[in-house]
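Below is one structure, written out as structure tokens; the observations come after it.
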Amino acid sequence: MEKGTSGGVREHIEAPPEAVYDLVADVTKMGEWSPECVACEWVDGATGPAVGARFRGRNRHGLARWSNKPRVVAAERGKVFAFVAMDPIGRDMTRWTYRFEPTPTGTAVTESFEMIRSIPLYIRLTDRWLMGVKDRKADLEANMKRTLGALKTAAEGSSVTST
């Protein structure tokens, strides 16, 4: 994918924006919802979502396994949570954003990504040969849809109904 490529999905969740934000911004739970993220943990002294906080994410897709150390760039409870994932040499590569909008019956959640830097050829080859992915944008959008579906199930199936 080239710099500037973006994509996103939207889901309605019958829970307040603050409650849904709390689930997403607790990155230690992302492995429960994402088909690609295995686990996350706060690192470098961070204990929760705050601008500048870092976490380590471990991912898998097909035969590929990798980790990343994203940096939180937006953390406004009930409104937006965003982080930037790095390329293998530590440069900003992908911005991931979750937006939470109140609705009469809950929250409209949008998960999106934007490529800050073009994906290097060796990573594109990994996508194709180790992950079996020909269209990474479409693959990411399908994964985001699955993530938000699992988040919806978790939020609506729990007692997370008030702020």
Side-chain angles (χ1 to χ4, degrees), residues 1-11 17-100 109-151 154-155:
M1 285 186 293
E2 298 301 315
K3 177 180 177 178
T5 301
S6 62
V9 298
R10 187 174 176 99
E11 179 72 66
E18 294 80 7
V20 181
Y21 171 94
D22 290 346
L23 291 172
V24 170
D26 179 0
V27 298
T28 65
K29 294 184 181 279
M30 189 54 68
E32 298 174 24
W33 305 309
S34 171
E36 191 166 286
C37 175
V38 175
C40 292
E41 62 185 346
W42 295 108
V43 296
D44 298 341
T47 58
V51 172
R54 297 191 83 107
F55 61 93
R56 179 166 315 283
R58 292 189 327 236
N59 303 287
R60 74 167 178 256
H61 194 308
L63 297 174
R65 306 283 186 270
W66 69 99
S67 66
N68 204 301
K69 194 174 170 184
R71 177 183 75 259
V72 175
V73 295
E76 191 173 346
R77 188 170 185 254
K79 297 187 183 210
V80 62
F81 179 71
F83 57 90
V84 174
M86 314 304 217
D87 70 10
I89 59 173
R91 300 175 301 180
D92 291 356
M93 189 159 83
T94 310
R95 178 184 173 106
W96 290 92
T97 304
Y98 293 83
R99 295 200 179 279
F100 309 89
V109 181
T110 302
E111 180 182 4
S112 63
F113 74 90
E114 178 185 1
M115 298 306 301
I116 298 168
R117 178 177 311 282
S118 296
I119 296 178
L121 176 61
Y122 68 93
I123 294 177
R124 290 189 310 232
L125 292 173
T126 297
D127 289 352
R128 185 169 204 117
W129 301 110
L130 290 180
M131 294 180 0
V133 173
K134 293 180 182 173
D135 183 345
R136 186 63 166 142
K137 180 180 186 289
D139 182 64
L140 288 175
E141 288 174 332
N143 286 344
M144 288 187 293
K145 185 173 182 168
R146 288 177 59 194
T147 298
L148 291 186
L151 178 65

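Atom set for the values below is all heavy atoms of this structure, side chains included, hydrogens, waters and symmetry mates excluded.
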- Query: Is the CZ atom of Arg65 crowded by more than 12 outside heavy atoms at less than 6.0 Å?
  - Reply: yes
- His61 side chain reached by Asp139 side chain, heavy atoms, under 4.5 Å: yes
- Task: Go through the structure and list residues passing salt bridge (charged side-chain N to carboxylate O under 4.0 Å, His left out) with Lys137, not counting sequence neighbours.
- Result: Glu141
- Task: Working to the nearest 0.5 Å, report the span between OG of Ser67 and CZ of Arg60.
- Result: 14.5 Å
- Task: Write down the atom of Met93, the atom of Ser118, and the distance for their closest heavy-atom approach.
- Result: SD-O, 4.5 Å
- Query: Do Ser34 side-chain atoms and Gly31 backbone N/O form a donor-acceptor pair below 3.5 Å?
  - Reply: no
- Below 4.5 Å, heavy atoms only, C-beta onward: do Val84 and Thr94 meet side chain to side chain? no
- Looking only at heavy atoms, the pair that brings Val80 and Tyr21 closest together is O-CE1, 3.3 Å
- Task: Answer yes or no: are there more than 12 heavy-atom neighbours, outside Arg146 itself, under 6.0 Å from its atom CZ?
- Result: no
- Task: Run the ring-centre check on Phe83 versus Phe55 and record whether the distance is less than 6.0 Å.
- Result: yes
- Task: Identify the heavy atoms of Ala25 and Phe81 that sit nearest to each other, and give their distance.
- Result: CB-CD1, 3.9 Å
- Message: I'd like to check Glu111 versus Thr97 (side-chain heavy atoms, cut-off strictly below 4.5 Å). Are they in contact?
- Response: no
- Task: Report yes if the side chains of Arg56 and Asn68 come closer than 4.5 Å at any heavy-atom pair, otherwise no.
- Result: no
- Side chain proximity check, Met144 to Phe113, heavy atoms < 4.5 angstrom: yes
- Message: In the structure I gave you, are the side-chain heavy atoms of Val24 and Phe100 within less than 4.5 Å of one another anywhere?
- Response: yes
- Task: Would you please say whether a donor-acceptor pair under 3.5 Å links the side chains of Arg99 and Thr110?
- Result: no
- Val51 side chain near Val73 side chain, heavy-atom distance below 4.5 Å: no
- Look at the side chain of Arg117 and the backbone N and O of Asp92, then say whether any donor-acceptor pair between them is shorter than 3.5 Å. yes
- Trp42 and Val72: side-chain contact (heavy atoms from CB on, under 4.5 Å), yes or no, with the steps? CA-CA 11 Å; Trp42 295 108; Val72 175; 4.0 Å; yes
- Message: On a heavy-atom basis, which atom in Gly48 and which in Ala53 lie closest, and how many Å separate them?
- Response: O-CB, 3.7 Å
- Who pairs with Glu11 by side chain to side chain contact (heavy atoms under 4.5 Å, CB included), at least two apart in sequence or on another chain? Ile13, Leu148, Lys152
- Query: Which pairs pass salt bridge (Lys or Arg N to Asp or Glu O under 4.0 Å) with one or both residues in residues 34-46, sequence neighbours excluded?
  - Reply: Glu36-Arg136, Asp44-Lys69
- Message: Using side-chain heavy atoms (C-beta onward) and a distance below 4.5 Å, is Ile123 in contact with Pro88?
- Response: yes
- Message: Return the OG1 to CH2 distance between Thr147 and Trp33, rounded to the nearest 0.5 Å.
- Response: 10.0 Å
- CG-CG distance between Asp135 and Leu140, expressed to the nearest 0.5 angstrom: 9.0 Å
- Message: If I take atom OG from residue Ser112 and atom CZ from residue Arg10, how far apart are they, to the nearest 0.5 angstrom?
- Response: 11.0 Å
- Query: Nearest heavy-atom pair of Asn143 and Pro35: which atoms, and what distance?
  - Reply: OD1-CG, 3.4 Å
- Closest approach of Met115 to Met1 (non-hydrogen atoms, all atoms of both residues): SD-CE, 3.7 Å
- Run the salt-bridge test on Asp22 and Arg77 with the 4.0 Å N-O cut-off and return the result as yes or no. yes
